[in-house]
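Report on one structure; see the data block that follows.
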Amino acid sequence: MDKKQVAEILEEIADILELKGEVEFKVRAYRNAARIIRDVKGDLKELVDSGDLAKIKGIGPNLFEKIKELVNTGQLKYYEELKKSIPEGLFELLQIRGLGPKRIKAIYEKLGITTLAELEYACRENRLLKLEGFGKTIQDKVLKEIERLKRSSEYHLISFIFPIVKAIEDFVNSNLDVIDFTITGSWRRRKEIIRDIDVVLNLKQKNFNRTIEAIQKNFPHTKILKSDDNFISLHSEFGVSVDFILSDEDYAFKVFYTTGSKEFLEKFGKHIGKLGFELKDDGIYKNADKIDFSNEVEIFEKFKMKFIPPEIREGFDEIELALNGEIPELIQEKDLLGVFHIHSTYSDGSDTLEDMIAECEKLGFKFVGISDHSKSAYYAGGLTEDRLIQQWKEIDELQKKFKIKILKGAEVDILPDGSLDYSDEILSKFDFVIASIHSKFRMTEEEATNRIIKAMQNPYVTILGHPTGRLLLGRDGYPVDMKKIIDEASKLGVAIEFNANPHRLDIDWRFINYARSKGVKISINPDAHAIGEIYYTILSLGTARKGMLTKQDVLNAMNVSEVQNFLKTHRLKK
DNA sequence: GCCGTTTTCGGCCCGACTGTTTTCAGTCG
């Protein structure tokens with residue numbers, strides 16, 4: 001182990017000690033030692049062997065022994081033990097400028113936050129404001145910093161990719177002379193997390209150099225990673241890799257092929273192989289002849305398949321369905337008639353009830369379901385019964401002002417024993433109730449599943465909120481037997497939320513098709529804490545479509561009277 | 001953690017800056 005590596009470990013020990021609240025002078029001793037090791041002249045191993053290292057001011061007996069162990073064995077027991085004593089994710093938080101060990105310690109101890117994604121989510125819910133010594137400025141700064149850090153990591157949330165996609169579309173439209181272009185890859189398939197962006201270009205003049213020039217002119221901080229005659233890969237200043245794929249007559253094929261997924265293409269290739277065709281990475285062949293396609297639909301038609309929407313090209317049973325003409329009509333933006341799961345300043349939202357409602361009306365929705373947190377969610381300023389009554393009064397007043405139908409609801413905490421955070425008497429007064437878990441995540445699968453099922457059995461619960469509690473790129477959800485929960489929801493007539501917040505996208509789309517096969521309604525909910533978040537409903541629709549959702553499967557694709565009817569009969573049923 | 005010694009434990013760098021709070025705490029360099 002060389003000087004640099006040893007110094008880094010000593011620094012890390014100092015970080016951990018600081019996070020653990022050790023006396024600052026001990027921490028300083030480690031930092032000091034790290035600097036000494038980094039700067040010391042001569043070979044470190046010789047200095048250890050001769051004992052000369054111990055003579056340097058700042059290296060006492062204790063540090064000398066630790067450095068000796070590192071140099072000789074390549075590891076350090078003390079360090080390994082120390083690392084285990086705090087959550088790994090806390091190290092990431094140290095990268096945030098403006099957050100030192102003291103503040104991270106507070107965030108960890110008071111809010112239980114251990115990862116960047118959790119911290120970001122907490123900021124968006126204004127939970128940092130609740131901590132002593134924290135204010136809006138720090139919270140905003142933290143958010144900005146997290147945004148920066150996220151750019152350097154490998155995978156990205158769709159809310160991060162979306163504006164980049166927009167920027168690329170604008171760039172292509174105004175700078176390149178194209179016949180057509182498509183952003184393909186996992187973005188087109190609306191995967192829940194995305195690594196890079198693929199753009200297939202069909203240029204009027206196949207001028208490769210001019211394309212590169214235009215890119216460099218518009219994005220001066222962009223680095224071209226590699227390029228050849230029909231491929232430009234760059235690390236964009238957005239912090240994500242973008243590949244431009246230049247096409248010719250093979251535009252349709254390239255769109256098809258780069259959309260993927262790998263699993264879908266494999267199955268597709270296997271199928272057409274049986275028919276005497278071959279799928280290669282540059283085209284579809286019959287014997288030695290490449291087949292021309294003028295658009296993607298033709299590719300499917302050629303093999304007697306119904307068009308498979310990109311979102312469901314994941315290598316499950318979509319090819320069989322397409323061959324049988326059984327691809328369902330997937331839900332579209334225009335089908336969404338309302339939104340549930342809207343927070344306001346009554347609990348942890350940033351915008352007032354009136355502003356949230358006004359925005360929903362502006363977006364063309366016919367109904368809006370208000371659902372602030374329940375009383376136990378103290379971290380989110382959950383509503384006591386008194387405040388609830390106040391909110392209902394305000395809603396009644398606002399209803400006179402707005403055309404959009406306002407539904408009174410709540411996001412009620414499912415307590416650890418599966419009971420709910422309001423009495424049945426209170427619950428009966430809501431138009432709808434979303435039940436979600438926000439506390440005590442550490443459970444076995446059986447415990448979590450039973451906790452949720454018990455909550456769903458309450459006659460007033462209409463929607464199960466974010467069923468696993470996962471935060472994408474942040475933390476795994478609590479383990480649940482999702483099929484069992486869906487079966488139970490089916491029996492009880494409870495709808496399940498597809499939480500459209502890009503951090504969640506929970507229920508996972510992989511279970512949606514099963515839910516719809518059981519007749520369980522899915523509610524596509526923005527879980528909005530600010531007016532700008534209501535659009536999550538639209539942004540995440542594509543990921544919901546991956547579960548083959550149709551209009552008939554979606555609770556908020558019903559009109560107002562249908563929804564009211566659903567809510568009413570649901571209670572009678574139980 | 002280390003240092004320095006009045007050899008047994010008290011002291012260990014600090015000012016600028018920022019944000020929160022209204023006199024101070026935390027971070028950074």
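A, B, ... follow the sequence lines: proteins, then strands. Residue 1 opens every chain.
- Ring pair A:Phe162/A:Tyr535 is tilted by interplanar angle, where 30° to 60° counts as tilted.
- A:Tyr536 is linked by a ring-ring contact (aromatic ring centres under 6.0 Å, His included) to nothing, counting only residues two or more places apart in sequence or in another chain.
- Rounded to the nearest Å, the gap between the C1' atom of B:dG26 and that of B:dT21 is 14 Å.
- For the pair A:Lys66 and B:dG1, the criterion of a side-chain N or O lying under 4.0 Å from OP1 or OP2 is met.
- Residue A:Pro101 places its side chain closer to B:dT27 than to any other of B:dG19, B:dC2, B:dT27.
- Each of B:dG26, B:dG1, B:dG19 was ranked by its minimum atom distance to the side chain of A:Lys141; first place goes to B:dG19.
- Nearest nucleotide to the side chain of A:Phe25, out of B:dT27, B:dC2, B:dG1: B:dG1.
- Taking syn as a glycosidic angle within 90° of 0, B:dT6 does not qualify and is anti.
- Among the nucleotides B:dG26, B:dT20, B:dC13, the one closest to any side-chain atom of A:Arg103 is B:dG26.
- One interatomic measurement links the two molecules: CD of A:Glu24 to P of B:dG11, which rounds to 14 Å at whole-angstrom precision.
- Around the NZ atom of A:Lys3, the shell of radius 6.0 Å holds more than 12 heavy atoms that belong to other residues, nucleotides or ligands.
- Taking atom C1' on both B:dT20 and B:dA25, the two are 9 Å apart, rounded to the nearest angstrom.
- Backbone-only contact: A:Ile56 has heavy atoms under 4.0 Å from sugar-phosphate atoms and none from a base.
- Under the Watson-Crick and G-U wobble criteria, each requiring two contacts below 3.5 Å, nucleotide B:dC2 is paired to B:dG11.
- The aromatic rings of A:Phe171 and A:Phe244 sit perpendicular to each other, their planes meeting at more than 60°, with 30° as the lower class boundary.
- The CD-C1' distance, from A:Glu11 to B:dG29, rounds to 14 Å in whole Å.
- For A:Arg97, taking side-chain heavy atoms from C-beta onward, the closest of the listed nucleotides B:dG26, B:dG1, B:dC28 is B:dC28.
- Residue A:Pro61 has its side chain nearest to B:dC2 when only B:dG1, B:dC2, B:dT20 are considered.
- The side chain of A:Thr137 approaches B:dG19 more closely than any other nucleotide in the set B:dG1, B:dG19, B:dT27.
- When heavy atoms are screened at a 4.0 angstrom cut-off, A:Leu17 is found touching no nucleic acid atom at all.
- Rounded to a whole angstrom, the distance from the P atom of B:dC12 to that of B:dT5 is 15 Å.
- A:Leu94 places its CG atom 14 Å from the C1' atom of B:dC28, with the value rounded to the nearest Å.
- The side-chain heavy atoms of A:His466 and A:Asn501, taken from C-beta on, include no pair separated by under 4.5 Å.
- For A:Asn32 and B:dG11, the CG to C1' distance is 15 Å, given to the nearest whole Å.
- Nucleic acid contact for A:Phe64: none, since no nucleic acid atom lies under 4.0 Å from a heavy atom of the residue.
- Here B:dG1 presents its P atom at 13 Å from CD1 of A:Ile16, a figure rounded to the nearest Å.
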Using side chain to side chain contact (heavy atoms under 4.5 Å, CB included), reason through A:Glu192 and A:Ile158 one step at a time and then give a plain yes or no. CA-CA 7 Å; A:Glu192 63 271 34; A:Ile158 53 172; over 6 Å; no
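- With B:dC13, B:dG1, B:dG19 as the candidates, the nucleotide lying closest to the side chain of A:Ile138 is B:dG19.
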